[in-house]
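Okay, here's the structure, questions in a sec.
Please read these numbers as outputs of a predicted model, since none were measured by experiment. In this chain, numbering begins with 1 at the start of the sequence shown.
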Amino acid sequence: MKKTFLILGAVVIFMASFSKADLAKEKAVTAVATKHNNAFYQVSAGEKLINKSDCLGCHNKTNKIIGPAYIEVAKKYPNNEKSINYLADKIIKGGTGVWGTMPMTAHASLKKDDAKLMAKYILSLKKK
């Protein structure tokens with residue numbers, strides 16, 4: 001009986017020693033990945049606003065859902081102040097007919113400056 005407890009105790013200690021090493025290694029990998037992500041992936045103010053809004057229900061960065069993909073919008077409009085103002089107004093007032101018959105929902109409570117940040121982000125997706 002003593003031998004069984006001794007062997008069982010040795011097995012438990014042996015198993016515990018492996019889990020601590022794996023946990024320490026996992027924490028180190030997570031820390032490196034987090035540091036790496038912070039250095040290379042910064043989200044713009046416009047993208048943050050889009051992610052917090054209901055835009056993603058109809059739009060996607062690369063694929064058409066209900067409305068056009070953001071990269072398609074960026075291809076259509078030049079990245080200038082006139083386009084930024086036009087798109088900001090579209091975001092606030094909504095509309096239909098530019099990309100088909102499905103109307104875009106108005107976002108009347110959105111501030112003009114925030115809508116402009118969103119439009120700037122979308123236009124920044126244009127490939128050069």
Side-chain angles (χ1 to χ4, degrees):
M1 185 79 163
K2 287 182 183 181
K3 217 181 225 185
T4 305
F5 283 120
L6 184 60
I7 292 172
L8 185 59
V11 169
V12 169
I13 291 171
F14 180 72
M15 297 296 285
S17 68
F18 280 114
S19 65
K20 287 181 183 178
D22 290 342
L23 183 59
K25 184 177 179 182
E26 185 178 323
K27 284 182 181 179
V29 169
T30 303
V32 169
T34 303
K35 187 180 280 189
H36 175 72
N37 288 341
N38 289 340
F40 292 103
Y41 299 105
Q42 293 182 0
V43 179
S44 73
E47 188 176 7
K48 284 180 187 177
L49 289 167
I50 287 172
N51 290 338
K52 289 190 326 187
S53 72
D54 64 347
C55 300
L56 298 177
C58 297
H59 299 278
N60 181 283
K61 190 174 186 177
T62 56
N63 300 316
K64 178 183 180 357
I65 299 178
I66 294 170
Y70 294 137
I71 60 169
E72 293 301 317
V73 176
K75 285 180 190 176
K76 184 171 182 150
Y77 299 100
N79 192 349
N80 60 32
E81 200 61 35
K82 182 179 177 184
S83 296
I84 291 168
N85 283 319
Y86 172 76
L87 291 173
D89 286 340
K90 274 291 201 193
I91 292 167
I92 293 170
K93 296 175 185 171
T96 188
V98 177
W99 295 93
T101 57
M102 182 61 74
M104 180 170 148
T105 307
H107 299 87
S109 63
L110 194 62
K111 295 176 187 172
K112 175 82 176 203
D113 288 339
D114 289 344
K116 286 174 81 171
L117 287 172
M118 295 163 93
K120 284 179 185 179
Y121 164 70
I122 292 167
L123 293 177
S124 75
L125 299 174
K126 179 180 267 182
K127 295 190 176 165
K128 302 194 183 213

ask   = Got V98 and M104 here, is their nearest side-chain heavy-atom distance under 4.5 Å?
value =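 With C-beta onward as the side chain, the pair stays apart.
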task = Any chance you could measure N63, atom CG, to E72, atom CD, to the nearest 0.5 Å?
result = 9.5 Å
ask   = What pairs with K116 under salt bridge (charged side-chain N to carboxylate O under 4.0 Å, His left out), at least two apart in sequence or on another chain?
value = E81
task = Could you pull out the closest heavy-atom pair between M118 and C55, with the gap in Å?
result =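 For M118 and C55, the tightest heavy-atom pair comes out as CE-SG, 3.7 Å.
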ask   = Between L125 and A74, what is the shortest heavy-atom contact and its length?
value =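 Of all heavy-atom pairs spanning L125 and A74, the closest is C-CB, 4.1 Å.
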query = Within the distance-only criterion (no hydrogens, no angle test), does the side chain of S53 pair as donor or acceptor with the backbone N or O of I50 below 3.5 angstrom?
reply =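 Such a contact is found between S53 side chain and I50 backbone.
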query = Taking all atoms of both residues into account, what is the closest heavy-atom pair of K48 and V43, and its distance?
reply =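 Smallest interatomic distance, heavy atoms only, reads CG-CG1, 3.6 Å.
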key: I92 side, atom CD1; K111 side, atom NZ - distance, nearest 0.5 Å   = 11.5 Å
message = Name the residue from N79, L87, I84 that meets the side chain to side chain contact (heavy atoms under 4.5 Å, CB included) definition with K120.
response =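 Per the side chain to side chain contact (heavy atoms under 4.5 Å, CB included) rule, the option paired with K120 is I84, out of N79, L87, I84.
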key: Beyond-backbone contact of K112 with D89, side-chain heavy atoms, under 4.5 angstrom   = yes
query = At what distance, to the nearest 0.5 angstrom, does CD1 of I122 lie from OG of S83?
reply =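 If we round to the nearest 0.5 Å, I122:CD1 and S83:OG are 12.0 Å apart.
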ask   = Transitively linked via ILVMFWY side-chain contacts under 4.5 Å: I66 with Y70?
value =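 As far as the 4.5 Å side-chain criterion goes, Y70 and I66 are not connected within one cluster.
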task = Working to the nearest 0.5 Å, report the span between CG of D114 and NE2 of H107.
result = 12.5 Å
query = Looking only at atom types and distance, does a side-chain atom of H59 sit under 3.5 Å from a main-chain N or O of I65, one as donor and one as acceptor?
reply =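 Side chain of H59 to backbone of I65, a donor-acceptor pair under 3.5 Å: no, none is there.
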Nearest-0.5 Å distance, CD1 of residue I91 to CG of residue L49 =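 That separation rounds to 9.5 Å.
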request  = Could you tell me whether the side chain of K75 and the main chain of Y77 form a donor-acceptor pair under 3.5 Å?
outcome  =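 Pair absent, no side-chain N/O of K75 close to backbone of Y77.
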query = Can a cation-pi geometry be assigned to K76 and W99, taking NZ or CZ under 6.0 Å from the six-membered ring centre and within 45° of the ring axis?
reply =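 Flagged: K76 positioned over aromatic ring of W99.
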From I71 atom CD1 to K127 atom NZ, the distance as rounded to the nearest 0.5 Å = 5.5 Å
Which atom of A88 lies closest to which atom of A119, heavy atoms considered = N-CB, 4.2 Å
